[in-house]
Amino acid sequence: MAEYDPKSLKAEEFINDEEILETLKYAEENKNNTELINKILEKARPQKTATGCVCAGLTHREASVLLACDDPDVIKKIYDIAEEIKLAFYGNRIVIFAPLYLSNYCVNGCVYCPYHMKNKHIARKKLTQEEVKAEVIALQDMGHKRLAIEAGEDPVNNPIEYILDCIKTIYSVHHKNGDIRRVNVNIAATTVENYRKLKEAGIGTYILFQETYHKESYLKLHPTGPKHDYAYHTEAMDRAMEGGIDDVGLGVLFGLELYKYEFAGLIMHAEHLEAVHGVGPHTISVPRVKHADDIDPDAFDNSIDDETFAKITACIRLAVPYTGMIISTRENEQVRSKLLKLGISQVSGGSRTSVGGYTEEERPHDTEQFDVSDQRTLDEVVKWLMESGHIPSFCTACYREGRTGDRFMSLCKNGQILNCCHPNALMTLSEYLEDYASEETKKTGYALIEKELERIPKEKVREIARKNIEAIKNSDRRDFRF
Ligand code: SAM
């Protein structure tokens, strides 16, 4: 039997079934152990330092105890600390992105995904480079600067060369004042050589959802195709890092397996990356299974309610305080509102999950990967974020300044967010307001910017930010950054 070893490069040793089962038992036994719970909560709380703030994070065992606890007072404390951590390291900024579906050709048999190979009635579509260009123009016209590209796995229709061509096309489109400045990539597990090519193409984060950490379920949920190989899929982030990509994004598709098992696996995966590569995941996504074409989410009996979903999000926030957290338009406005407080730092907006969807007048459904719950326009999402006390940020500065991997984390830990990310957020928001916003959003936005500029601690930084925002208002100069 495989032995648990977070430093191992073998999937079944760093995501060890026995260790997860023991963790769940330990969590169940200690879920009412007040003394232990208080100690864990204390450990999770941000601590002030001379230069900023630090957070110890939690081990998968500690975080699992909190997740198992049903005491409303403890849950309230977990939520409060999650908000504290979020504000300490990410401030009130929320980074905005959109998915771009390139192709839904797929040779896998994932039972929860409508792109599975046996689905003969879904329209199959792959964008040509001309169509990619048109989609990017439509996305730029909405105001997007950051994309996550999505594709099915198909070595014939969507080989790595196709993905690389698309990335090149995306970066080459400069429409009016528009630019896509960061392309994150969500494609199937691949080789070190291909990850190196993606890195050379200038990608931001490589995102790959584990779907489920439970090996037996994984094999059943992925009965055919290359994705059936549990070890190859689970070890993908190590290959990505070997290929030079130091920003990787984890995720579990909640609803497929028991959430407590998935949660422990997810935190163990983060611990493994830290132990082996010296840097944890850049982001964690928390998707839930949705209705789509021939997929009925009720067919999966591990669906979780909104309260449990919020608790999972907050416990992830406590366990991995420096990791960005993403919520997509799979969730509706109400759920997204609640989760923003508990640690989410990135949201998608104005999303279409169909291949070629952004150039269509009406939202198309024939190639959709899942139903979009939050169907508001980007302008509506931006306004909503501002009205609920957040700064929508279109910033992509860190990765373009080489602040990736642990260099981004040290910026966070040194408390430099307010002198760096905060002004960057305000300047990119001002670009959005000038070039794309409705009059009402623009008014709300500039009032917010005025107020938020005052919060920049360094006078010199504040002055430069102010000057740059004036330049954005009065000229076509764009892309200022610290
Ligand atoms: N084909 C790649 C792969 O296998 O990782 C790319 C990812 S796919 C386009 C994006 C993600 O959508 C999947 O990893 C999966 O977690 C999620 N997904 C698939 N079907 C879904 C559904 N019915 N509801 C919600 N999310 C779904």
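Owing to the predicted nature of the structure, the values given are computational and were not obtained by experimental measurement. In listed order, ligands and their atoms are each counted from 1.
Of all atoms in ligand 1, numbered sequentially from 1 with element shown, those under 4.0 Å from a heavy atom of Lys227 are 3 (C), 4 (O), 5 (O). Atoms of ligand 1 lying under 4.0 Å from at least one heavy atom of Leu208, given by number and element, are 5 (O). Atoms of ligand 1 lying under 4.0 Å from any heavy atom of Val289, numbered from 1 in the order shown and given with element: 24 (N), 25 (C). Every atom of ligand 1 with a heavy atom of Ala151 under 4.0 Å away is listed here by number and element: 1 (N), 2 (C), 6 (C). The ligand atoms of ligand 1 that sit less than 4.0 angstrom from a heavy atom of Arg288 are 25 (C). The Cys113 neighbourhood of ligand 1 comprises atoms 19 (C), 20 (N), with distances under 4.0 Å to a heavy atom of that residue.
In terms of protein heavy-atom proximity, atom 7 (C) of ligand 1 is closest to Asn186 OD1, 3.5 Å. Shortest contact from atom 8 (S) of ligand 1 to any protein heavy atom: Gln369 NE2, 3.3 Å. Counting only heavy atoms of the protein, atom 21 (C) of ligand 1 lies nearest to Tyr112 O, 3.8 Å.
We find that Lys311 and Glu307 are not joined by a salt bridge, their nearest charged nitrogen and carboxylate oxygen being 4.0 Å or further apart. Between Asp80 and Lys76, at least one side-chain N (NZ, or NE/NH1/NH2) sits under 4.0 Å from a carboxylate O, which counts as a salt bridge. In this structure, Arg181 pairs ionically with Glu431, as a charged nitrogen and a carboxylate oxygen lie closer than 4.0 Å. A salt bridge links Glu28 with Lys31: the distance from a Lys NZ or Arg NE/NH1/NH2 to an Asp or Glu carboxylate oxygen falls below 4.0 Å. Under the 4.0 Å criterion applied to side-chain N and carboxylate O atoms, Glu84 and Arg317 are not assigned as salt-bridge partners.
If you look at Phe209 next to ligand 1, the close heavy atoms, those under 4.0 Å, all belong to the side chain.
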Steps toward salt bridge (Lys or Arg N to Asp or Glu O under 4.0 Å) verdict (Glu193, Arg196): CA-CA 5 Å; Glu193 201 191 342; Arg196 201 161 281 132; over 6 Å; no
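A donor-acceptor contact shorter than 3.5 Å links the side chain of Glu271 to the backbone of His60.
The shortest N or O to N or O distance between Glu211 and ligand 1 is below 3.5 Å.
Remark: among candidates Lys290, Glu150, Arg330, the nearest residue to atom 27 (C) of ligand 1 is Arg330, based on non-hydrogen atoms.
Counting heavy atoms from C-beta outward, Leu273 and Met237 have side chains that approach closer than 4.5 Å.
Between Pro287 and ligand 1 there is no heavy-atom distance shorter than 4.0 Å.
In the model, Lys290 has a side-chain atom that pairs as donor or acceptor with a side-chain atom of Ser373 under 3.5 Å.
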